[in-house]
Number of protein chains: 2
Amino acid sequence: MVVRILEHPGRDAITIDGVLSALADPVRRSIVSQLADGHSEQACIAFDLPVTKSTSTHHFRVLREAGVITQRYRGTAIHNDLRREDLDCRFPGLLDSVLMAG
Amino acid sequence: MVVRILEHPGRDAITIDGVLSALADPVRRSIVSQLADGHSEQACIAFDLPVTKSTSTHHFRVLREAGVITQRYRGTAIHNDLRREDLDCRFPGLLDSVLMAG
DNA sequence: GCCGTAGTACGTTGGAGATCGTAGTATGAT
DNA sequence: ATCATACTACGATCTCCAACGTACTACGGC
(Lines give C-alpha, C1' and ligand atoms only; values in the text may rest on other atoms or scores of the structure.)
Protein backbone atom coordinates (compact mmCIF):
# COMPACT_ATOMS: atom_id res chain seq x y z
CA MET A 1 0.00 0.00 0.00
CA VAL A 2 1.13 3.47 -0.91
CA VAL A 3 0.56 6.84 0.69
CA ARG A 4 -2.30 8.25 -1.38
CA ILE A 5 -2.68 11.57 0.29
CA LEU A 6 -3.83 14.47 -1.84
CA GLU A 7 -2.34 17.90 -1.31
CA HIS A 8 -4.60 20.73 -0.30
CA PRO A 9 -3.68 24.39 0.16
CA GLY A 10 -4.18 25.72 3.67
CA ARG A 11 -6.94 28.23 4.14
CA ASP A 12 -4.57 31.17 3.99
CA ALA A 13 -2.94 29.84 0.85
CA ILE A 14 -6.18 30.11 -1.08
CA THR A 15 -5.89 32.99 -3.56
CA ILE A 16 -8.57 34.99 -5.28
CA ASP A 17 -6.71 34.39 -8.51
CA GLY A 18 -6.82 30.62 -8.14
CA VAL A 19 -10.45 30.57 -7.10
CA LEU A 20 -11.67 32.84 -9.86
CA SER A 21 -9.67 30.98 -12.48
CA ALA A 22 -11.08 27.70 -11.20
CA LEU A 23 -14.64 28.98 -11.20
CA ALA A 24 -14.29 30.55 -14.64
CA ASP A 25 -14.74 27.14 -16.23
CA PRO A 26 -18.34 25.92 -16.73
CA VAL A 27 -17.49 22.27 -16.13
CA ARG A 28 -15.90 23.14 -12.81
CA ARG A 29 -18.81 25.38 -11.85
CA SER A 30 -21.05 22.42 -12.57
CA ILE A 31 -19.04 20.29 -10.16
CA VAL A 32 -19.29 22.98 -7.50
CA SER A 33 -23.03 23.34 -8.06
CA GLN A 34 -23.58 19.61 -7.74
CA LEU A 35 -21.53 19.58 -4.56
CA ALA A 36 -23.59 22.45 -3.18
CA ASP A 37 -26.81 20.61 -4.08
CA GLY A 38 -26.15 17.88 -1.58
CA HIS A 39 -24.08 15.92 -4.03
CA SER A 40 -21.44 15.68 -1.37
CA GLU A 41 -19.82 12.47 -0.20
CA GLN A 42 -19.74 11.33 -3.79
CA ALA A 43 -17.10 9.76 -5.96
CA CYS A 44 -15.89 11.73 -8.95
CA ILE A 45 -17.57 9.28 -11.26
CA ALA A 46 -20.98 10.02 -9.73
CA PHE A 47 -21.04 13.51 -11.17
CA ASP A 48 -22.88 14.32 -14.34
CA LEU A 49 -20.24 15.88 -16.55
CA PRO A 50 -19.94 16.24 -20.32
CA VAL A 51 -16.30 15.15 -20.42
CA THR A 52 -14.31 11.94 -20.21
CA LYS A 53 -12.90 10.50 -17.03
CA SER A 54 -9.41 11.79 -17.60
CA THR A 55 -10.65 15.30 -18.24
CA SER A 56 -12.81 15.22 -15.15
CA THR A 57 -9.79 14.13 -13.11
CA HIS A 58 -8.11 17.27 -14.37
CA HIS A 59 -11.00 19.51 -13.32
CA PHE A 60 -11.30 18.00 -9.85
CA ARG A 61 -7.61 18.52 -9.43
CA VAL A 62 -7.79 22.17 -10.42
CA LEU A 63 -10.61 22.73 -7.92
CA ARG A 64 -8.66 20.97 -5.19
CA GLU A 65 -5.42 22.85 -5.85
CA ALA A 66 -7.32 26.14 -5.88
CA GLY A 67 -8.75 25.30 -2.48
CA VAL A 68 -12.35 25.04 -3.63
CA ILE A 69 -12.87 21.39 -2.73
CA THR A 70 -11.31 18.69 -0.57
CA GLN A 71 -10.59 15.21 -1.87
CA ARG A 72 -9.93 12.21 0.32
CA TYR A 73 -9.52 8.61 -0.64
CA ARG A 74 -12.13 6.16 0.53
CA GLY A 75 -11.18 2.82 -0.88
CA THR A 76 -10.73 3.25 -4.60
CA ALA A 77 -13.11 6.15 -4.72
CA ILE A 78 -12.59 9.75 -3.72
CA HIS A 79 -14.73 11.61 -1.27
CA ASN A 80 -15.28 15.14 -2.61
CA ASP A 81 -16.40 18.09 -0.54
CA LEU A 82 -16.88 21.79 -0.93
CA ARG A 83 -14.65 23.96 1.27
CA ARG A 84 -17.54 26.23 2.19
CA GLU A 85 -16.17 27.53 5.46
CA ASP A 86 -12.71 28.22 4.14
CA LEU A 87 -14.07 30.02 1.10
CA ASP A 88 -16.59 32.03 3.10
CA CYS A 89 -13.82 33.03 5.46
CA ARG A 90 -11.38 34.09 2.79
CA PHE A 91 -13.79 35.63 0.29
CA PRO A 92 -17.15 36.27 1.95
CA GLY A 93 -20.06 36.12 -0.42
CA LEU A 94 -18.10 34.92 -3.41
CA LEU A 95 -19.20 31.30 -3.41
CA ASP A 96 -22.81 32.18 -2.74
CA SER A 97 -22.96 34.70 -5.55
CA VAL A 98 -21.51 32.23 -8.01
CA LEU A 99 -23.89 29.47 -6.89
CA MET A 100 -26.80 31.88 -7.13
CA ALA A 101 -25.84 32.69 -10.70
CA GLY A 102 -26.64 29.17 -11.78
CA MET B 1 -15.88 62.80 -37.99
CA VAL B 2 -16.63 59.15 -37.51
CA VAL B 3 -19.04 57.24 -35.32
CA ARG B 4 -16.79 55.99 -32.51
CA ILE B 5 -19.38 54.22 -30.43
CA LEU B 6 -18.27 51.22 -28.45
CA GLU B 7 -20.52 48.17 -28.16
CA HIS B 8 -21.75 47.11 -24.75
CA PRO B 9 -23.81 44.06 -23.84
CA GLY B 10 -27.22 44.81 -22.35
CA ARG B 11 -27.70 43.99 -18.70
CA ASP B 12 -29.41 40.70 -19.45
CA ALA B 13 -26.69 39.71 -21.87
CA ILE B 14 -24.09 39.71 -19.11
CA THR B 15 -23.11 36.12 -18.31
CA ILE B 16 -21.49 34.64 -15.24
CA ASP B 17 -19.04 32.93 -17.52
CA GLY B 18 -17.96 36.16 -19.15
CA VAL B 19 -17.69 38.03 -15.88
CA LEU B 20 -15.71 35.32 -14.08
CA SER B 21 -13.37 34.88 -17.04
CA ALA B 22 -12.83 38.63 -17.17
CA LEU B 23 -12.18 38.88 -13.45
CA ALA B 24 -9.88 35.86 -13.44
CA ASP B 25 -7.05 37.99 -14.82
CA PRO B 26 -5.03 40.02 -12.30
CA VAL B 27 -4.44 42.94 -14.64
CA ARG B 28 -8.17 43.25 -15.23
CA ARG B 29 -8.93 42.96 -11.52
CA SER B 30 -6.48 45.79 -10.99
CA ILE B 31 -8.41 47.92 -13.45
CA VAL B 32 -11.66 47.11 -11.68
CA SER B 33 -10.14 47.89 -8.29
CA GLN B 34 -8.84 51.23 -9.46
CA LEU B 35 -12.24 52.05 -10.91
CA ALA B 36 -13.88 51.14 -7.62
CA ASP B 37 -11.39 53.32 -5.74
CA GLY B 38 -12.77 56.46 -7.27
CA HIS B 39 -10.53 56.15 -10.27
CA SER B 40 -13.60 56.68 -12.39
CA GLU B 41 -13.87 59.29 -15.12
CA GLN B 42 -10.36 58.44 -16.13
CA ALA B 43 -8.66 57.74 -19.41
CA CYS B 44 -7.20 54.29 -19.96
CA ILE B 45 -3.72 55.77 -19.84
CA ALA B 46 -4.27 57.08 -16.32
CA PHE B 47 -4.31 53.57 -14.88
CA ASP B 48 -1.26 52.06 -13.29
CA LEU B 49 -0.77 48.81 -15.17
CA PRO B 50 2.29 46.59 -15.73
CA VAL B 51 1.63 46.12 -19.44
CA THR B 52 2.02 48.09 -22.64
CA LYS B 53 -0.69 50.29 -24.07
CA SER B 54 -1.78 47.79 -26.67
CA THR B 55 -2.16 45.08 -24.06
CA SER B 56 -4.12 47.38 -21.81
CA THR B 57 -6.45 48.18 -24.72
CA HIS B 58 -7.06 44.46 -24.95
CA HIS B 59 -7.92 44.15 -21.26
CA PHE B 60 -10.27 47.14 -21.25
CA ARG B 61 -11.99 45.63 -24.25
CA VAL B 62 -12.47 42.29 -22.52
CA LEU B 63 -13.96 44.02 -19.48
CA ARG B 64 -16.31 46.04 -21.65
CA GLU B 65 -17.44 43.06 -23.71
CA ALA B 66 -18.07 41.07 -20.55
CA GLY B 67 -20.27 43.87 -19.25
CA VAL B 68 -18.01 44.82 -16.35
CA ILE B 69 -17.27 48.38 -17.47
CA THR B 70 -18.61 51.02 -19.81
CA GLN B 71 -16.40 52.95 -22.18
CA ARG B 72 -17.36 56.21 -23.86
CA TYR B 73 -15.27 58.54 -25.94
CA ARG B 74 -14.55 61.97 -24.59
CA GLY B 75 -12.31 63.66 -27.06
CA THR B 76 -9.38 61.35 -27.77
CA ALA B 77 -9.67 59.78 -24.37
CA ILE B 78 -12.08 57.19 -23.09
CA HIS B 79 -14.25 57.61 -20.07
CA ASN B 80 -14.26 54.32 -18.16
CA ASP B 81 -16.84 53.34 -15.58
CA LEU B 82 -17.73 50.33 -13.52
CA ARG B 83 -21.19 48.85 -14.22
CA ARG B 84 -21.94 48.49 -10.54
CA GLU B 85 -25.71 48.48 -10.75
CA ASP B 86 -25.89 46.04 -13.62
CA LEU B 87 -23.48 43.64 -11.97
CA ASP B 88 -25.17 43.87 -8.59
CA CYS B 89 -28.49 43.18 -10.25
CA ARG B 90 -27.31 40.19 -12.24
CA PHE B 91 -24.93 38.63 -9.69
CA PRO B 92 -25.58 40.11 -6.26
CA GLY B 93 -22.52 40.17 -4.06
CA LEU B 94 -20.09 39.03 -6.68
CA LEU B 95 -18.41 42.34 -7.42
CA ASP B 96 -18.19 43.27 -3.76
CA SER B 97 -16.62 39.97 -2.79
CA VAL B 98 -14.01 40.29 -5.51
CA LEU B 99 -13.21 43.89 -4.56
CA MET B 100 -12.98 42.90 -0.92
CA ALA B 101 -10.47 40.19 -1.81
CA GLY B 102 -8.00 42.82 -2.89
C1' DG C 1 -4.58 -15.36 -7.09
C1' DC C 2 -7.76 -12.84 -10.51
C1' DC C 3 -10.97 -9.40 -11.93
C1' DG C 4 -13.64 -5.15 -11.79
C1' DT C 5 -13.94 -0.39 -10.26
C1' DA C 6 -12.04 4.32 -9.51
C1' DG C 7 -8.91 7.24 -10.43
C1' DT C 8 -4.00 8.87 -12.17
C1' DA C 9 -0.01 9.72 -15.30
C1' DC C 10 1.54 10.86 -19.52
C1' DG C 11 1.81 12.50 -24.06
C1' DT C 12 -0.64 14.98 -27.70
C1' DT C 13 -3.55 18.01 -29.92
C1' DG C 14 -6.17 22.14 -30.72
C1' DG C 15 -7.82 26.47 -29.44
C1' DA C 16 -7.92 30.51 -26.68
C1' DG C 17 -5.74 34.41 -24.92
C1' DA C 18 -1.91 37.48 -22.98
C1' DT C 19 1.73 40.03 -24.68
C1' DC C 20 4.20 42.86 -27.75
C1' DG C 21 5.53 46.03 -31.71
C1' DT C 22 4.33 48.65 -35.62
C1' DA C 23 1.37 51.27 -38.14
C1' DG C 24 -2.68 53.61 -38.19
C1' DT C 25 -7.01 56.86 -36.95
C1' DA C 26 -9.55 60.46 -34.33
C1' DT C 27 -9.42 64.47 -31.65
C1' DG C 28 -7.86 68.81 -29.78
C1' DA C 29 -4.44 72.41 -29.41
C1' DT C 30 -1.33 75.63 -31.63
C1' DA D 1 -2.15 72.66 -41.52
C1' DT D 2 0.68 70.59 -38.25
C1' DC D 3 1.54 68.22 -34.27
C1' DA D 4 0.95 65.65 -29.96
C1' DT D 5 -2.10 62.70 -27.44
C1' DA D 6 -4.98 58.67 -26.79
C1' DC D 7 -6.33 54.76 -28.36
C1' DT D 8 -7.05 50.90 -32.01
C1' DA D 9 -6.07 47.34 -35.55
C1' DC D 10 -3.34 43.91 -37.02
C1' DG D 11 -0.15 40.38 -37.07
C1' DA D 12 3.22 37.52 -34.53
C1' DT D 13 4.66 34.94 -30.55
C1' DC D 14 4.24 32.40 -26.78
C1' DT D 15 2.07 30.28 -23.08
C1' DC D 16 -1.64 28.04 -21.02
C1' DC D 17 -5.17 24.81 -20.69
C1' DA D 18 -9.16 21.82 -21.93
C1' DA D 19 -9.80 17.64 -24.03
C1' DC D 20 -8.70 13.07 -25.39
C1' DG D 21 -6.76 8.14 -25.48
C1' DT D 22 -3.79 4.75 -23.65
C1' DA D 23 -1.51 2.64 -20.15
C1' DC D 24 -1.06 2.31 -15.48
C1' DT D 25 -1.84 1.84 -10.07
C1' DA D 26 -4.65 1.06 -5.87
C1' DC D 27 -8.29 -1.06 -3.58
C1' DG D 28 -12.02 -4.38 -2.72
C1' DG D 29 -14.51 -8.59 -3.79
C1' DC D 30 -14.61 -13.23 -5.55
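Here is the naming used below: chain letters follow the sequence lines, and residue numbers restart at 1 for every chain.
- Heavy-atom nearest nucleotides on DNA chain D were determined for A:Gly75 and for A:Asp25, and the one closer to the 5' end corresponds to A:Asp25.
- The list of salt bridge (Lys or Arg N to Asp or Glu O under 4.0 Å) pairs with a residue in residues 45-59 of chain B, not counting sequence neighbours, is empty.
- Residues satisfying the side-chain hydrogen bond (donor to acceptor under 3.5 Å, both in side chains) criterion with B:His59, sequence neighbours excluded, are B:Arg28.
- In terms of phosphate contacts, B:Arg28 brings a side-chain nitrogen or oxygen within less than 4.0 Å of OP1 or OP2 of C:dA18.
- We find that CD of B:Glu7 is positioned 12 Å from P of D:dA9, with the value rounded to whole Å.
- When rounded to the nearest whole Å, the span between CG of B:Leu6 and C1' of D:dC7 equals 10 Å.
- For A:Ser30, the side-chain hydrogen bond (donor to acceptor under 3.5 Å, both in side chains) partners two or more places apart in sequence, or in a different chain, are A:Gln34.
- Counting to the nearest Å, the C1' atom of D:dT5 and the CD1 atom of B:Ile78 are 13 Å from each other.
- One atom, OH of B:Tyr73, and another, C1' of C:dG28, lie 15 Å apart when rounded to the nearest Å.
- In this structure, CD1 of A:Ile45 is placed 15 Å from C1' of D:dC27, rounded to the nearest angstrom.
- Partners of A:Ala77 under the side chain to side chain contact (heavy atoms under 4.5 Å, CB included) rule, at least two apart in sequence or in another chain, are A:Ala43.
- In this structure B:Arg72 satisfies the salt bridge (Lys or Arg N to Asp or Glu O under 4.0 Å) test with no other residue, sequence neighbours excluded.
- Applying the side-chain hydrogen bond (donor to acceptor under 3.5 Å, both in side chains) rule to A:Arg61 yields the partners A:Glu65; only residues at least two apart in sequence or on another chain are considered.
- We find that NE2 of B:His79 is positioned 18 Å from P of C:dT27, with the value rounded to whole Å.
- The nearest whole Å value for the distance from the CZ atom in B:Arg72 to the P atom in D:dT8 is 15 Å.
- In this structure, A:His8 contributes its side chain and A:Gln71 its backbone to a donor-acceptor pair below 3.5 Å.
- Across residues 57-71 of chain B, B:His58, B:His59 each have a non-hydrogen atom less than 4.0 Å from an atom of DNA chain C (numbered order).
- The side-chain hydrogen bond (donor to acceptor under 3.5 Å, both in side chains) check on B:Thr55 picks up B:Thr52, with sequence neighbours excluded.
- Using a 4.5 Å heavy-atom threshold, the side chains of B:Arg29 and A:Ile16 count as touching.
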Short heteroatom pairs, N/O only, protein and nucleotides 20-23 of chain C, under 3.5 Å:
{"unit_1": "C:dC20", "atom_1": "OP2", "unit_2": "B:Thr52", "atom_2": "N", "d": "2.9"}
{"unit_1": "C:dC20", "atom_1": "OP2", "unit_2": "B:Thr52", "atom_2": "OG1", "d": "3.2"}
{"unit_1": "C:dC20", "atom_1": "OP2", "unit_2": "B:Thr55", "atom_2": "OG1", "d": "3.0"}
{"unit_1": "C:dG21", "atom_1": "N7", "unit_2": "B:Ser54", "atom_2": "OG", "d": "3.3"}
{"unit_1": "C:dG21", "atom_1": "O6", "unit_2": "B:Ser54", "atom_2": "OG", "d": "3.3"}

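- Across residues 13-24 of chain A, not one residue has a non-hydrogen atom less than 4.0 Å from an atom of DNA chain D.
- Not counting sequence neighbours, the partners of A:Thr15 by the side chain to side chain contact (heavy atoms under 4.5 Å, CB included) test are A:Asp17.
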Considering only distance and modelled atom types, tabulate donor-acceptor pairs under 3.5 Å from the side chains of residues 86-99 of chain B, sequence neighbours left out.
{"unit_1": "B:Asp86", "atom_1": "OD1", "unit_2": "B:Arg11", "atom_2": "NE", "d": "2.6"}
{"unit_1": "B:Asp86", "atom_1": "OD1", "unit_2": "B:Arg11", "atom_2": "NH2", "d": "2.9"}
{"unit_1": "B:Asp86", "atom_1": "OD2", "unit_2": "B:Arg83", "atom_2": "NE", "d": "3.1"}
{"unit_1": "B:Asp86", "atom_1": "OD2", "unit_2": "B:Arg83", "atom_2": "NH2", "d": "3.0"}
{"unit_1": "B:Arg90", "atom_1": "NE", "unit_2": "B:Arg11", "atom_2": "O", "d": "3.4"}
{"unit_1": "B:Arg90", "atom_1": "NE", "unit_2": "B:Ile14", "atom_2": "O", "d": "3.1"}
{"unit_1": "B:Arg90", "atom_1": "NH2", "unit_2": "B:Ile14", "atom_2": "O", "d": "2.6"}
{"unit_1": "B:Ser97", "atom_1": "OG", "unit_2": "B:Gly93", "atom_2": "O", "d": "3.2"}
{"unit_1": "B:Ser97", "atom_1": "OG", "unit_2": "B:Leu94", "atom_2": "O", "d": "2.8"}

